[in-house]
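Accompanying notes for the structure given below.
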Amino acid sequence: MRIVLWSTAIVVLVVLVGVVYEQVGRYRAARDFPAPGKMVDIGGRKIQLDCRGSGSPTVVFEAGLSVDGSLSWSAVQSKVAAHTRACSYSRAGLMWSDASDAPYSARQVAQDLHEALTRAGEHGPFVLVGQSLGGLYATSFTKYFGAEVAGLVLVDPSHPDQVARVAAFMTETRSLRSRIAVWLAWSGLLRAAAPSLLPQAPNQTARDSQAVHAFAPKSMVTQLAESDATDASLAEAGAFRDLGSRPLVVLTAMAPYTEAELRGMKITPEQGKQVQAIWEKLHEDMATWSSRSTHRLLPNAGHDIQFDDPAAVIDAVLSVVETVRADRDNGSH
């Protein structure tokens with residue numbers, strides 16, 4: 001009996017230490033890594049929005065299915081902001097932004113972003129830049145607020161048909177272990193594991209990487225929920241595939257998958273080549289969504305092109321900005 005009591009007491013003590021560790025970590029995250037830009041109240045909750053530079057059109061960056069939030073664009077934004085107004089932000093529940101009670105959907109993301117931009121005094125025309133799932137969030141924003149969208153850059157974007165097209169190759173990649181880690185975020189375990197789970201990206205500063213780790217327990221809970229809603233988001237976004245004559249650049253990552261990526265997707269190198277070929281075709285299709293589009297293949301960049309080859313993203317964004325300006329000056333489109 002005494003052994004049981006001591007064992008129980010030790011377990012309780014470990015849990016309490018973990019809870020305190022996590023709470024102290026959250027306090028230090030807020031203290032040591034203040035939100036870049038401003039926190040915009042969109043009606044009872046706040047969205048972190050970081051706008052820099054001046055000029056029109058305003059470039060708006062939409063991150064992919066990641067935990068980085070606005071920091072996903074840290075290697076790109078300042079270079080773009082040297083030429084025009086440029087805004088990045090963190091979706092609800094990521095990094096500094098408050099979580100939302102609403103179910104995750106492409107429409108909800110678009111509404112949150114539009115409300116944050118409006119309340120912050122940021123006005124179109126906008127050039128939307130979306131990476132991965134953020135690409136479909138960008139096209140969904142265009143669906144709902146198209147009058148304010150002048151052009152788009154889709155950075156290795158998700159495609160509405162991707163699940164059906166690669167289903168024969170892919171299996172569930174999110175392990176039960178990672179789900180348990182997210183569910184136990186309150187215990188401090190996820191915070192302790194963050195540096196190994198989220199290695200520093202190329203062209204990412206050490207401080208930005210530390211900020212991502214500091215907010216990881218909060219952001220990864222959101223990422224899991226957003227990931228679980230991906231199929232619904234793909235279906236919702238897939239109903240809109242007409243970008244008219246807006247200038248569009250689609251960037252496709254063509255670097256061979258790494259061994260770690262192949263293990264994560266549970267496919268062989270040969271299957272990886274087949275998946276990449278399908279990915280290229282899907283992006284060719286996305287380029288047809290606008291009558292004025294460019295599709296660029298990047299042989300040395302992985303999925304996170306904004307970190308692997310930030311110059312390619314910057315060049316694409318500025319090319320669309322210049323086209324929008326030329327249209328404005330010519331009174332066309």
Side-chain angles (χ1 to χ4, degrees), residues 19 22-52 58 60-74 77 85-124 126 128-134 136-138 140-145 148-149 182-183 185-186 190-191 194 208 211-230 232-233 236-237:
V19 169
E22 175 59 27
Q23 293 306 309
V24 170
R26 295 192 179 205
Y27 166 78
R28 288 179 174 173
R31 181 196 65 189
D32 297 341
F33 303 100
K38 63 177 72 172
M39 299 298 296
V40 182
D41 192 323
I42 62 170
R45 56 189 174 90
K46 294 181 178 181
I47 293 291
Q48 177 257 338
L49 178 68
D50 181 12
C51 294
R52 311 175 194 173
T58 296
V60 179
F61 294 100
E62 181 73 75
L65 183 60
S66 67
V67 297
D68 302 47
S70 67
L71 298 185
S72 181
W73 301 102
S74 59
Q77 184 178 358
R85 187 74 165 162
C87 300
S88 61
Y89 84 111
S90 299
R91 287 192 295 276
L94 294 177
M95 297 299 289
W96 301 273
S97 293
D98 295 335
S100 171
D101 293 332
Y104 285 94
S105 69
R107 181 171 186 172
Q108 183 63 41
V109 169
Q111 289 175 334
D112 274 7
L113 175 56
H114 189 261
E115 191 69 16
L117 290 168
T118 300
R119 295 201 181 201
E122 304 292 339
H123 304 289
F126 297 122
L128 302 180
V129 184
Q131 188 259 343
S132 192
L133 186 60
L136 288 185
Y137 287 153
S140 293
F141 186 99
T142 307
K143 173 183 178 180
Y144 297 112
F145 306 104
E148 300 172 54
V149 179
V182 170
W183 290 334
W186 55 268
L190 193 53
R191 180 173 301 280
D208 281 355
V212 171
H213 296 160
F215 286 94
K218 170 189 175 184
S219 297
M220 291 185 74
V221 170
T222 296
Q223 184 191 36
L224 176 61
E226 195 171 14
S227 176
D228 287 342
T230 296
S233 295
E236 177 187 354

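Just so you know, these numbers come straight off a predicted model, no measurement behind them. Start at 1 with the first residue, then count along the sequence.
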Is it the case that the side chain of S72 and the backbone of D68 share a donor-acceptor pair, with hydrogens and angles ignored and the cut-off at 3.5 Å? no
Check L49 against C87 and note the closest heavy-atom contact, atom names and distance. CD1-CB, 4.1 Å
Of all heavy-atom pairs linking G43 and D41, the shortest is N-OD1, 2.7 Å
Under 4.5 Å between any side-chain heavy atoms of W73 and Q131, yes or no? yes
Over all atoms of both residues, closest heavy-atom pair of S219 and L94: O-CD2, 3.6 Å
Closer than 3.5 angstrom, by distance alone: can the side chain of E236 be matched with the main-chain N or O of A106 as a donor-acceptor pair? yes
Do the ring planes of H114 and F145 sit parallel (below 30°), tilted (30 to 60°) or perpendicular (above 60°)? parallel
Is the closest side-chain heavy-atom distance between Y89 and E62 below 4.5 Å? yes
Is there a side chain to side chain contact (heavy atoms under 4.5 Å, CB included) between I47 and E115? Walk through the geometry before answering. CA-CA 9 Å; I47 293 291; E115 191 69 16; over 6 Å; no
If you take all heavy atoms of Q77 and S88, which pair is closest and at what distance? OE1-OG, 2.7 Å
I'd like to know if the side chain of T58 and the backbone of G124 have a donor-acceptor N/O pair within less than 3.5 Å. no
Check whether any side-chain N or O of D98 sits under 3.5 Å from a backbone N or O of K46 as a donor-acceptor pair, and report yes or no. yes
Would you confirm whether R91, through its side chain, and G64, through its main-chain N or O, come within 3.5 Å as a donor-acceptor pair? yes
Could you tell me whether a side-chain N or O of E226 sits under 3.5 Å from a main-chain N or O of Y104, the two making a donor and an acceptor? no
Backbone N or O of R107 within a donor-acceptor pair of the S140 side chain at under 3.5 Å? no
Check: Q223 main-chain N/O paired with S227 side-chain donor or acceptor under 3.5 Å: no
Could you walk me through whether L117 and F126 pass side chain to side chain contact (heavy atoms under 4.5 Å, CB included), step by step? CA-CA 10 Å; L117 290 168; F126 297 122; 3.9 Å; yes
Short question: side chain of S90, backbone of W96 - any donor-acceptor pair under 3.5 Å? no
Could you grab the distance from atom NZ of K38 to atom CD of Q48, nearest 0.5 Å is fine? 11.5 Å
Can you give me the closest heavy-atom contact between A99 and R45, atom names plus distance? O-CD, 3.6 Å
